[in-house]
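First the structure, in the form of structure tokens, and then the observations on it.
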Amino acid sequence: MGISNQSRVTEFIIMGFPNLQDFRALVFILLLLIYFLTILGNVVIFTVIWSDARLHTPMYFFVSTLSFLEIWYTATTIPKMLSNLLSERKSISFTGCLLQTYFFHSLGATECYLLTAMAYDRYLAICDPLHYPAIMTTKMCARLAAGCWICGFICPVTEVILVSKLPFCGPNKIQHIFCDFPPLLSLACTDTSINVLVDFIINSFIILVTFLFIMVSYVKIIKTVLKIRTAKGRRKAFSTCASHLTVVLIFFGSITFMYVRLKESYSLDYDRAFAVIYAVLTPLVNPVIYSLRNKEILNAIKRKIPHKRMVNTSA
């Protein structure tokens, strides 16, 4: 009765970085630069891979898919964060908040599955090279990628439906840098223990199961690589996995802290810091890791630059 007599919240105020209010202009410029570099880096990798026939292999197909995903992953949160830094009233509608949460978690889950598919690809290439071409065909790669996207977009549906049924009657200030399940649940004016439990189960399954599969794959990869007699052969095998493993450790390390827990919130500053890592910094470093540590991608980029210069000169 008490809840029904109170006005229902129709919009939320995203608090963002309250401790950095005096440096909003600097934070805005820094975040805008990061966003620009993230989009540029991922677009370059995606374009180079799809335009260079030498990179039309399963490994680079998954790298290009990851770059495509990162473009949309950052688009769900960073533009709104930039808008809030310029606005005095950092509001978002109830529906908009749910949509942002849904797409952010959908794309995040898709990335978990995609990184797992990439680990499977490396496992087959190194541990079963004779059967690799027959197994990892173009059709198989497309099916794995499609499965990652479909499963990713199905995963958060239950959580979003449960949150949409919760009563929100005030306060409406989200103590986070974007809409997300933990800060939303803390604002509901009813018991959310079921929601917290459901979130924990779903997130644990997605994150821990995929991470375990990746680690098992790498244990087998390492065992196989150590059996290679030449040091050059071992370095070559490890180099194809180092970039992927670095991305996995950064991404899974931050999201595990945030989502695999039964408490609704730890320190708000810690939550914001880890959110910056997996929502802002990880998409930025991915193209850096995959390009600067990969000679084939660097060579493909270099091949494109002289070609454009020659075209301009001839014109």
Side-chain angles (χ1 to χ4, degrees), residues 38 41-42 45-46 49 57-74 77 104-128 132 136 141 144-145 147-149 151-152 155-156 202-226 234-261 273-297:
T38 300
N42 283 296
I45 288 182
F46 180 82
I49 290 175
T57 63
M59 182 177 75
Y60 291 114
F61 169 80
F62 289 118
V63 171
S64 68
T65 305
L66 179 64
S67 292
F68 179 76
L69 183 147
E70 297 288 24
I71 294 170
W72 296 104
Y73 181 69
T74 52
T77 56
F104 181 72
H105 277 262
S106 295
L107 293 167
T110 301
E111 183 160 349
C112 289
Y113 293 127
L114 187 58
L115 290 172
T116 306
M118 294 170 76
Y120 177 64
D121 171 70
R122 291 299 83 208
Y123 163 75
L124 286 177
I126 295 174
C127 299
D128 195 7
Y132 177 72
M136 199 58 69
C141 290
L144 282 173
C148 292
W149 284 89
C151 291
C155 285
I202 293 175
N203 292 328
S204 297
F205 176 80
I206 297 171
I207 297 171
L208 298 182
V209 171
T210 53
F211 184 70
L212 179 63
F213 188 94
I214 292 171
M215 289 298 102
V216 170
S217 298
Y218 272 104
V219 168
K220 294 183 178 181
I221 288 171
I222 291 170
K223 287 182 178 179
T224 302
V225 171
L226 291 177
R234 288 195 296 269
R235 282 197 302 269
K236 184 178 180 180
F238 275 128
S239 66
T240 63
C241 302
S243 299
H244 175 255
L245 189 57
T246 303
V247 170
V248 166
L249 294 177
I250 295 173
F251 181 70
F252 278 90
S254 56
I255 63 174
T256 299
F257 174 87
M258 186 68 186
Y259 297 110
V260 184
R261 64 195 195 191
F274 277 93
V276 168
I277 292 174
Y278 63 77
V280 178
L281 297 183
T282 301
L284 172 66
V285 301
N286 281 1
V288 175
I289 293 171
Y290 277 115
S291 59
L292 295 183
R293 292 180 57 87
N294 193 295
K295 292 182 180 180
E296 291 181 316
I297 290 181

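Values below: every heavy atom of this structure, side chains too, minus hydrogens, waters and symmetry copies.
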| query | If you measure from CD1 on Ile202 to OH on Tyr259, what distance do you get to the nearest 0.5 Å? | reply | 13.5 Å

| task | With side-chain contact (heavy atoms from CB on, under 4.5 Å) as the test, would you mind laying out the steps for Met215 and Leu245 before giving the verdict? | result | CA-CA 9 Å; Met215 289 298 102; Leu245 189 57; 3.8 Å; yes

| field | Heavy-atom pair of closest approach, residues Cys127 and Thr224 | value | SG-OG1, 3.2 Å

| note | One should read off an interatomic distance between Ile45 CD1 and Ile289 CD1, to the nearest 0.5 angstrom, of 10.0 Å

| Looking only at heavy atoms, what is the nearest atom pair of Phe274 and Tyr278, with distance? | O-CD2, 2.8 Å

| task | Answer with yes or no after comparing the ring centroid distance for Phe104 and Tyr73 against a 6.0 Å cut-off, counting only values under it. | result | yes

| note | Output for pair (Ser217 OG, Tyr123 OH), nearest 0.5 Å, gives 7.5 Å

| Partner residues of Tyr60 under the ring pair (Phe, Tyr, Trp, His ring centres under 6.0 Å) criterion, sequence neighbours left out | none

| task | Evaluate side-chain contact (heavy atoms from CB on, under 4.5 Å) for Asp121 paired with Tyr132, printing each intermediate quantity in order. | result | CA-CA 8 Å; Asp121 171 70; Tyr132 177 72; 2.5 Å; yes

| field | Set of residues satisfying side chain to side chain contact (heavy atoms under 4.5 Å, CB included) with respect to Cys141, sequence neighbours excluded | value | Pro58, Phe61, Phe62, Met136

| query | CG of Asn286 to CG of Leu115: how many Å apart, nearest 0.5 Å? | reply | 7.5 Å

| said: Quick one, Ile255 and Cys112 - any side-chain contact, counting heavy atoms below 4.5 Å? | reply: yes

| message | For the CG atom of Leu114 and the CD atom of Glu70, what is their distance to the nearest 0.5 Å? | response | 9.0 Å

| Within-4.5 Å side-chain heavy-atom neighbours: Leu226 and Ile222 | yes

| note | Closest heavy-atom pair, Ala279 versus Pro283, reported as atoms and distance to 0.1 Å, is O-CG, 3.7 Å

| field | Sub-4.5 Å side-chain heavy-atom contact between Thr282 and Ile277 | value | yes

| query | Checking Ser204 side chain against Val260 main chain: does a donor-acceptor pair fall under 3.5 Å? | reply | no

| said: Could you tell me if the side chain of Ile206 sits less than 4.5 Å from the side chain of Phe211, heavy atoms only? | reply: no

| So how far is it from Ile126 CD1 to Lys223 NZ, rounded to the nearest 0.5 Å? | 15.0 Å

| said: Going by side chain to side chain contact (heavy atoms under 4.5 Å, CB included), Thr116 matches just one of Val209, Leu212, Ile214. Which one? | reply: Ile214

| task | Using the six-membered ring wherever Trp is involved, compare the ring planes of His244 and Tyr218 and label them parallel, tilted or perpendicular (cut-offs 30° and 60°). | result | parallel

| field | Atom of Ile221, atom of Ala119 and distance for their closest heavy-atom approach | value | CD1-O, 4.4 Å

